[in-house]
Colleague: 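Got a structure here, written out as structure tokens. Questions coming.
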Amino acid sequence: MEDFIYFNELYDLYGELLTDKQREYFEDYYFNNLSFAEMAEAYDVSRNAIFKQLHITTDKLEEYEKKLGLLKMVKK
């Protein structure tokens, strides 16, 4: 649950830096609570492709925070 909140906070700060597809996948998974299977069917890709893309997206969000530190500043 902590990760869920953390990534949502990062998305609020850095979401505009992601590609359209990354934002769609992130929002479907984290906001709309869709499963990998549901997303795979909707986007006509494999569940593994969804998993990999979400992993890439969360890594990017963490990298942005590491470099820019906006969440850290907001929480002070």
Side-chain angles (χ1 to χ4, degrees):
M1 184 64 160
E2 256 180 57
D3 284 346
F4 186 84
I5 294 168
Y6 175 68
F7 287 124
N8 276 290
E9 291 174 332
L10 291 180
Y11 183 81
D12 287 343
L13 294 169
Y14 305 114
E16 291 298 316
L17 300 174
L18 301 172
T19 67
D20 290 341
K21 188 58 72 176
Q22 288 170 330
R23 282 195 303 272
E24 286 178 43
Y25 286 3
F26 187 93
E27 289 175 9
D28 279 349
Y29 185 72
Y30 285 93
F31 299 158
N32 300 328
N33 202 30
L34 296 181
S35 69
F36 293 151
E38 291 169 321
M39 292 171 62
E41 186 177 325
Y43 293 108
D44 197 29
V45 296
S46 69
R47 286 179 294 177
N48 194 44
I50 298 291
F51 175 81
K52 284 182 181 180
Q53 190 59 48
L54 282 170
H55 186 70
I56 289 167
T57 301
T58 55
D59 283 351
K60 270 189 171 185
L61 292 171
E62 288 182 315
E63 185 65 25
Y64 293 143
E65 176 59 18
K66 183 179 176 184
K67 290 182 179 181
L68 300 172
L70 296 178
L71 184 59
K72 188 176 181 179
M73 283 191 278
V74 169
K75 289 199 168 198
K76 280 188 177 183

Colleague: Please give me the minimum heavy-atom distance between Ser46 and Ala40, naming the atom from each residue.
Modeller: C-CB, 3.7 Å
Colleague: Stepwise, does the side chain to side chain contact (heavy atoms under 4.5 Å, CB included) test hold for Leu54 with Ile50?
Modeller: CA-CA 6 Å; Leu54 282 170; Ile50 298 291; 4.0 Å; yes
Colleague: Are there over 12 heavy-atom neighbours, none belonging to Lys52, within less than 6.0 Å of that residue's NZ?
Modeller: no
Colleague: Rounded to the nearest 0.5 Å, what separation is found between the CG atom of Leu13 and the CG atom of Asn8?
Modeller: 11.0 Å
Colleague: To the nearest 0.5 angstrom, please state how far the CG atom of Leu17 sits from the NZ atom of Lys60.
Modeller: 9.0 Å
Colleague: Going from CG on Leu34 to OH on Tyr43, what distance comes out if it is rounded to the nearest 0.5 angstrom?
Modeller: 7.5 Å
Colleague: Kindly check if the number of other-residue, nucleotide or ligand heavy atoms within 6.0 Å of CG (Asn33) is above 12?
Modeller: no
Colleague: Between Ile56 and Tyr6, is there a shared hydrophobic cluster once you connect ILVMFWY residues whose side-chain heavy atoms come closer than 4.5 Å?
Modeller: no
Colleague: Count the heavy atoms of every other residue, nucleotide or ligand shown that sit under 6.0 Å from CG of Asp59, and state whether that count exceeds 12.
Modeller: yes
Colleague: Regarding Lys66 and Glu62, does a basic nitrogen lie under 4.0 Å from an acidic carboxylate oxygen?
Modeller: no
Colleague: Closest approach of Glu16 and Arg23, non-hydrogen atoms and distance?
Modeller: O-NH1, 3.7 Å
Colleague: Within this structure, what is the OG1-CG distance for the pair Thr57 and Leu10, rounded to the nearest 0.5 Å?
Modeller: 12.0 Å
Colleague: Is the distance from the ring center of Phe26 to that of Tyr11 below 6.0 Å?
Modeller: yes
Colleague: Does Glu63 CD have over 12 foreign heavy atoms under 6.0 Å away?
Modeller: yes
Colleague: Going by the ring-ring contact (aromatic ring centres under 6.0 Å, His included) test, name the single residue among Phe7, Phe51, Phe36 that passes it with Tyr29.
Modeller: Phe36
Colleague: Should Tyr25 and Leu18 count as side-chain neighbours, where that means a heavy-atom distance under 4.5 Å?
Modeller: no
Colleague: Can you measure from CE (Met73) to CD (Glu65) and round to the nearest 0.5 angstrom?
Modeller: 8.0 Å
Colleague: When rounded to the nearest 0.5 angstrom, what is the spacing between CZ in Arg47 and CE in Met39?
Modeller: 13.0 Å
